Number of protein chains: 2
Amino acid sequence: MAEADAKFMRTLRELARCYQAFESFSEAHIRATGLTSAQFDIIATLGNTRGLSFKDLGERTLITKGTLTGVIDRLEARELVRRTECPHDGRSQIVVLTSAGEKLFRRIFPAHMAHLSSAFAAVPETQLLHTELTLRRLRELFEAAHELSLEEAEMTGAARSRPRRAA
Amino acid sequence: MAEADAKFMRTLRELARCYQAFESFSEAHIRATGLTSAQFDIIATLGNTRGLSFKDLGERTLITKGTLTGVIDRLEARELVRRTECPHDGRSQIVVLTSAGEKLFRRIFPAHMAHLSSAFAAVPETQLLHTELTLRRLRELFEAAHELSLEEAEMTGAARSRPRRAA
DNA sequence: CGGGAATAGTCCTAGTTCGTACTACTTGTC
DNA sequence: GACAAGTAGTACGAACTAGGACTATTCCCG
């Protein structure tokens, strides 16, 4: 972003760097298990459950539905998960770990937790909480601004031609 | 990640959410310009410079070389940037904005800054600095742990027979 | 000055990502 | 009970992503 004179750019840049640092630290370990990050996320989320719908999985892992189809496809091809029908809702499908998936989960999940925790060995819990709070506040700024900018877009004509939600 | 009992998971989760919130807030605006995030990043980084090498671009935008080739290809196809030879180093190429690229930069960069700054309107500068510092510390944790785990991997035999791959 | 190590970019593969359009099913309303 | 509106998941296209193999060039050391 060149040298943006705005002070907030430094903060944003640090956010991006921090996130990427986490990703590469985490991913380095995950790759060794033969899974990708997204795949690991699914396995980890499915562990210790009786199965979850695509919708639930998407919400918990922050993976959007379009992406999810492909990720689940690949896991299913490797027989780590299985799609099953939802008894209550014909639109829905429940994704469950197969026994191989279960086994993999038990093998790699604790190991990955240990890997992650090594980064935090020397960090007191109060600081973790503090960091969490700082991040949450920052996130809320983005969410509020995002909402606002969507509303503005509605007013200024993008909405003229489209079905809109009544106030 | 299921309900990991580790306290640091809450922090990590918040980091991911925060980053994603930023991305979607920022991207919503960028898309309207007809560029992708990565493309915008390149244009913004190239603005007000006399051109940068792939290496420099990669470092500043956090885009890795393999990805960069494709992103620059697409921008070059749209005649927004141009590859030029580096006089000092035959391996290197300097990427420069064309005049169309320059013009686009002047049009969209300030607008995007304004968009971003709307999120921070009510935030005092001290808090920005504080957040930046918190993020930097967190990043340093990851980097240190990452380094460490790479060294460990070397010791324990991954180094013994180089070309090893998971199935 | 010659050869080995390091560096810059490209190419390739596999996978993730998003948005949009689409089908199938459900739910609320009359 | 039919119909409109909403929801769950899939299909598809374009782009980004990392990593590793490869080529060309430069740099370092003897």
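Chain identifiers are assigned alphabetically (A, B, ...) following the order of the sequence lines, protein sequences preceding nucleic acid strands; residue numbering begins at 1 within each chain. Note that this is a predicted model, so its numbers are computed, not measured.
- More than 12 heavy atoms of other shown residues, nucleotides or ligands fall within 6.0 angstrom of atom CD in A/Glu140.
- Between B/Ile42 atom CD1 and C/dG9 atom P the separation is 12 Å, expressed in whole Å.
- For A/Thr36 and C/dA14, the shortest distance from a side-chain N or O to OP1 or OP2 is not below 4.0 Å.
- The CG atom of B/Asp56 sits 8 Å away from the P atom of C/dG9 (whole-angstrom rounding).
- For A/Arg91, counting side-chain heavy atoms from C-beta on, the closest listed nucleotide (D/dG6, C/dA6, C/dT10) is D/dG6.
- Between A/Glu85 atom CD and C/dA24 atom C1' there is a gap of 12 Å when expressed in whole angstrom units.
- Atom CZ of B/Arg136 has more than 12 heavy atoms from other residues, nucleotides or ligands within 6.0 Å.
- A salt bridge between B/Arg78 and B/Asp73 is absent, with no side-chain N of the basic residue lying under 4.0 Å from a carboxylate O of the acidic one.
- Atom P of nucleotide D/dT17 and atom CG of B/Asp41 are separated by 9 Å, given to the nearest angstrom.
- Ion pairing between a basic and an acidic side chain is recognised when a charged N comes within 4.0 Å of a carboxylate O; A/Glu14 and B/Arg139 show such pairing.
- Note on A/Glu76 versus A/Arg82: no salt bridge recorded, every NZ/NE/NH1/NH2 to OD/OE distance being 4.0 Å or above.
- Whole-Å rounding puts the A/Leu35 CG to C/dG15 P distance at 11 Å.
- B/Ser53 comes within contact range of the sugar-phosphate backbone alone, with a heavy-atom separation under 4.0 Å but no base atom that close.
- We find that CG of B/Asp73 is positioned 9 Å from C1' of C/dT10, with the value rounded to whole Å.
- Atoms CD1 (A/Ile72) and C1' (D/dT10) sit 13 Å apart, rounded to a whole Å.
- Counting to the nearest Å, the P atom of D/dA14 and the CD atom of B/Gln39 are 14 Å from each other.
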Considering only nitrogen or oxygen atoms on both sides, find all protein atoms under 3.5 Å from nucleotides 17-22 of chain C and state each distance.
| unit_1 | atom_1 | unit_2 | atom_2 | d |
| --- | --- | --- | --- | --- |
| C/dC18 | OP2 | A/Thr64 | OG1 | 2.6 |

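- As judged by a 4.0 angstrom heavy-atom cut-off over every strand, A/Thr69 is placed among the base-contacting residues.
- Using a 30° and 60° split on the angle between ring planes, B/Phe109 and B/Phe40 fall in the parallel class, below 30°.
- Aromatic rings from B/His29 and A/His146 are positioned such that their centres are separated by 6.0 Å or more.
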